[in-house]
Amino acid sequence: MSITTTKVRKAVIPAAGLGTRVLPASKAMPKEMLPIVDKPAIQYIVEEAVASGITEILIITNRGKGDIENHFDRAPELESRLLEAGRQEAYDQIVSLTKMANICFVRQKETKGLGHAVNCARSFVGDEPFAILFGDDVILGEKPVTAQLCEAYEKYGLGVVGTKEMPAETVMRGSSLKLAPLEGETNIFKCTDLVEKVKRVEDLLSNYTILGRCVCPPEIFDILDHTPPGAGNEIQLTDALAQLAKTKGLTAVDFEGKRYDMGNKLGILQATVDVALAHPEVSEGFKAYLKEIIDKL
Ligand code: UTP
């Protein structure tokens, strides 16, 4: 099937949640700034977007998240100090992260849910498709997940959600997807319905859940305008996607990559261990330390 679609070049990163699952760490510091070894979570997410061909990024923040803006801004005093000290590599590293893409910010003035946060991106997005990367979901793998979703969007011309099969208790804390096979595909499905935060296992549509990535057509904004508050009394992106699935259509990509929930204490630890074990600077020392303590566990 060949469909003419617009290339996805914009991304929205909602990062305005209160992060109550990682308190007290997230009280004064945005949870998106919690580091995985030496980079804040949100930098991994921006890097994934850029590696997927995205050139324009909007990060949705709130009044407590100024550190995210500072991280992607120039830091003249620090830069000149590094240059004076001959630390060219460190200088290049902190300057290049400010030039990765055109990054801008908008505040979600009230924490009314992920759907409400995405709707704050309307004027940035305009009339084109865009990727959504949840600010607390870091996904690492060979091929950036956003690129995998954009390919599916460009192939079918329909919105796409990134998914994986998860244990029921995880799915019940997020969305549950109803999927149907798509001819000739092994990891792309039709998604015909979605529900958010079901209370009983028997109400799950399946054990497939959205894990932190979507690509949406601009029609999602009109749907969000009419989406009433749902689970948790928040405007849910899942409810708007369910509407999209039933009208224009939606697909789901069972993506390749490992996802870390950085909004969750265990997720942060798992990301730290995996990244540290592969990090050229610390992997040897970290492996030795793990071997030392493993017998005592
Ligand atoms: P979560 O529900 O995982 O984030 O939202 P949260 O609200 O910070 O979590 P807890 O339960 O209090 O710990 C998924 C994504 O949506 C963003 C979050 O920042 C996260 O990236 N979000 C959520 C917003 O931007 N605005 C909102 O009103 C709610």
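As the structure is a computational prediction, the values presented were derived from the model and not from experiment. Whatever order the structure lists ligands and atoms in, that order sets their numbers, starting from 1.
- Listed by number with element, the atoms of ligand 1 under 4.0 angstrom from any heavy atom of Thr20 are 10 (P), 11 (O), 12 (O), 13 (O).
- For the 3.5 Å distance criterion, the side chains of Asn102 and Glu56 qualify, holding a donor opposite an acceptor.
- In terms of polar-atom proximity, Arg21 is counted as a contact of ligand 1, with an N or O under 3.5 Å from an N or O of the ligand.
- Proximity of atom 12 (O) of ligand 1 to the protein is indicated by at least one non-hydrogen atom lying closer than 4.0 angstrom.
- For the residue pair Glu47/Gln43, the side-chain donor-acceptor check at 3.5 Å is satisfied.
- In the model, Gln88 has a side-chain atom that pairs as donor or acceptor with a side-chain atom of Asp92 under 3.5 Å.
- Asn62 is not listed as a side-chain neighbour of Arg107, based on a closest heavy-atom distance of 4.5 Å or more.
- Glu32 counts as a contact of ligand 1, since one of its heavy atoms falls under 4.0 Å from the ligand.
- For a threshold of 3.5 Å applied to N or O pairs, the pair formed by Ile60 and ligand 1 contains no separation below that value.
- Residue Lys112 touches ligand 1 through its backbone alone, judged by heavy-atom distances below 4.0 Å.
- Considering Glu256, Glu151, Gln148 as possible partners of Lys143, the one that fulfils the side-chain hydrogen bond (donor to acceptor under 3.5 Å, both in side chains) test is Glu151.
- Taking every heavy atom of Asp136 and a limit of under 4.0 angstrom, the matching atoms of ligand 1 come to 3 (O), 4 (O), 20 (C), 21 (O).
- The backbone N or O of Val95 sits less than 3.5 Å from a side-chain atom of Thr98, completing a donor-acceptor pair.
- The single protein non-hydrogen atom nearest to atom 22 (N) of ligand 1 is Gly17 N, 3.6 Å, given as residue, atom name and distance.
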